[in-house]
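A quick write-up on the structure given underneath.
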Amino acid sequence: MSEIFIRKQEIKDGKTDELREWIDDLYSEAEADEQGVKEIWAEESLHTISLFIEHAADANYFVWYLEADSMEQLIEAREASTHPLHEVEDAMMGDVLVNPAEAGEFEPLLHGVSEDRPDELTIQQLSAPSR
């Protein structure tokens, strides 16, 4: 069974639209280098990544959902990566997040995976491009 990870990070005041622009850039880069994304995902054992913005009373938060065969493998591969997509991701996090190292505390209660889910890489941008 795969492992899951959720990360919740506070967005700097006034930087939510900028975060959307960074995500647009990441999406464009991923579309342009699908083979590179496939290689990254294979090295990291990544199956799923979903990104959200939570609009809370005190602040906006960037929320990540990750699913991988091994979170340890994912972290080790990510730390060793020199791929340009990761450089964009690092710049984004430093620019728009209050504390890029913040992770939050989440207690997993249930995770189900269909054995029949597709085996191909599909990346879908769910919001309209911000530019």
Side-chain angles (χ1 to χ4, degrees):
M1 172 68 86
S2 57
E3 296 179 24
I4 57 172
F5 178 76
I6 296 176
R7 187 174 201 162
K8 179 178 175 178
Q9 301 164 295
E10 185 177 348
I11 301 169
K12 292 177 185 175
D13 191 41
K15 293 283 192 169
T16 302
D17 285 338
E18 197 168 326
L19 172 62
R20 288 185 183 97
E21 291 172 8
W22 278 107
I23 297 301
D24 289 347
D25 290 345
L26 282 171
Y27 180 76
S28 295
E29 291 285 333
E31 276 193 312
D33 187 14
E34 186 174 319
Q35 186 57 40
V37 172
K38 287 179 180 180
E39 291 168 9
I40 290 169
W41 284 39
E43 291 168 8
E44 294 179 349
S45 78
L46 188 64
H47 294 294
T48 306
I49 181 170
S50 298
L51 307 175
F52 306 87
I53 295 174
E54 176 187 11
H55 303 280
D58 62 329
N60 288 334
Y61 295 88
F62 186 42
V63 181
W64 307 59
Y65 166 85
L66 302 173
E67 176 191 13
D69 287 334
S70 165
M71 282 300 143
E72 182 178 334
Q73 179 179 340
L74 184 145
I75 291 166
E76 288 174 2
R78 174 61 178 89
E79 288 174 349
S81 175
T82 58
H83 194 280
L85 277 170
H86 285 139
E87 293 173 12
V88 172
E89 180 183 302
D90 290 343
M92 172 198 73
M93 291 173 63
D95 186 39
V96 302
L97 300 177
V98 171
N99 179 1
E102 178 182 26
E105 293 287 328
F106 295 90
E107 175 187 353
L109 299 176
L110 178 75
H111 178 65
V113 177
S114 170
E115 293 180 13
D116 297 329
R117 72 176 173 183
D119 196 29
E120 72 267 359
L121 171 67
T122 304
I123 300 174
Q124 179 183 12
Q125 187 172 20
L126 299 175
S127 63
S130 61
R131 295 176 220 182

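The analysis underlying the following values was restricted to heavy atoms, covering all of them including side chains, and did not include hydrogens, waters or symmetry mates. The residues of the chain are indexed from 1 along the displayed sequence.
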Any side-chain heavy atom of Phe62 within less than 4.5 Å of one from Ile23?
yes
Do Leu51 and Trp22 land in one hydrophobic cluster if side-chain heavy atoms of ILVMFWY residues count as linked below 4.5 Å?
yes
CE-CG distance between Met71 and Leu66, expressed to the nearest 0.5 angstrom
5.5 Å
Say whether Ser81 and His86, considering side chains only, have a donor N or O and an acceptor N or O under 3.5 Å apart.
yes
With rounding to the nearest 0.5 angstrom, report the CD to CG distance, Glu89 to Asp25.
13.0 Å
Indicate if Ile6 and Ile75 have the same hydrophobic cluster label, given that clusters are the connected sets of ILVMFWY residues with side-chain heavy-atom separations under 4.5 angstrom.
no
Nearest-0.5 Å distance, NZ of residue Lys12 to CG of residue Leu19:
12.0 Å
Could you tell me whether the side chain of Phe5 reaches within less than 4.5 Å of the side chain of Glu3, counting heavy atoms only?
no
Check the pair Ile53, Val63 against side chain to side chain contact (heavy atoms under 4.5 Å, CB included), reporting the backbone distance first and the verdict last.
CA-CA 6 Å; Ile53 295 174; Val63 181; over 6 Å; no
Test side chain to side chain contact (heavy atoms under 4.5 Å, CB included) applied to His83 and Glu43, step by step:
CA-CA 12 Å; His83 194 280; Glu43 291 168 8; over 6 Å; no
First locate atom CD of Glu102, then atom CE of Met93, and finally report the distance between them rounded to the nearest 0.5 Å.
10.0 Å
In short, Trp64 meets Gln9 closest at the heavy-atom pair NE1-OE1, 2.8 Å
Close side-chain approach of Leu85 to Val37, heavy-atom, < 4.5 Å
yes
May I ask you to test the Trp41-Ile49 pair for a side-chain heavy-atom distance under 4.5 Å?
yes
Contact between Asp95 and Met92 at the side-chain level, heavy atoms closer than 4.5 Å - yes or no?
no
Smallest heavy-atom separation, His111 atom then Ser2 atom, equals NE2-OG, 3.4 Å
Treat each ILVMFWY residue as a node, draw an edge where side-chain heavy atoms are under 4.5 Å apart, and state whether Leu46 and Ile40 are in one component.
yes
Considering residues, nucleotides and ligands other than Glu87, do more than 12 of their heavy atoms fall under 6.0 Å from its CD?
yes
Roughly how far, to the nearest 0.5 Å, is CD of Glu39 from CG of Asp33?
7.5 Å
Quick check: do Asp69 and His47 have side-chain heavy atoms less than 4.5 Å from each other?
yes
Interatomic distance, Thr16 atom OG1 to Glu21 atom CD [nearest 0.5 angstrom]
11.5 Å
So do Ser70 and Glu76 actually touch side chain to side chain, heavy atoms under 4.5 Å?
no
Run Asp58 and Glu10 through side chain to side chain contact (heavy atoms under 4.5 Å, CB included) and show every step you take.
CA-CA 10 Å; Asp58 62 329; Glu10 185 177 348; 5.8 Å; no
Asp13 atom CG, neighbour heavy-atom count above 12 within 6.0 Å:
no
Polar side-chain atom of Glu18 near backbone of Val96 as donor-acceptor pair, under 3.5 Å:
no
Give a yes or no answer on whether the side chain of Glu44 reaches the backbone of Ala77 with a donor-acceptor pair at less than 3.5 Å.
no
Flag the pair Val98 / Lys15 as yes when at least one side-chain heavy-atom distance between them is below 4.5 Å, and no otherwise.
no
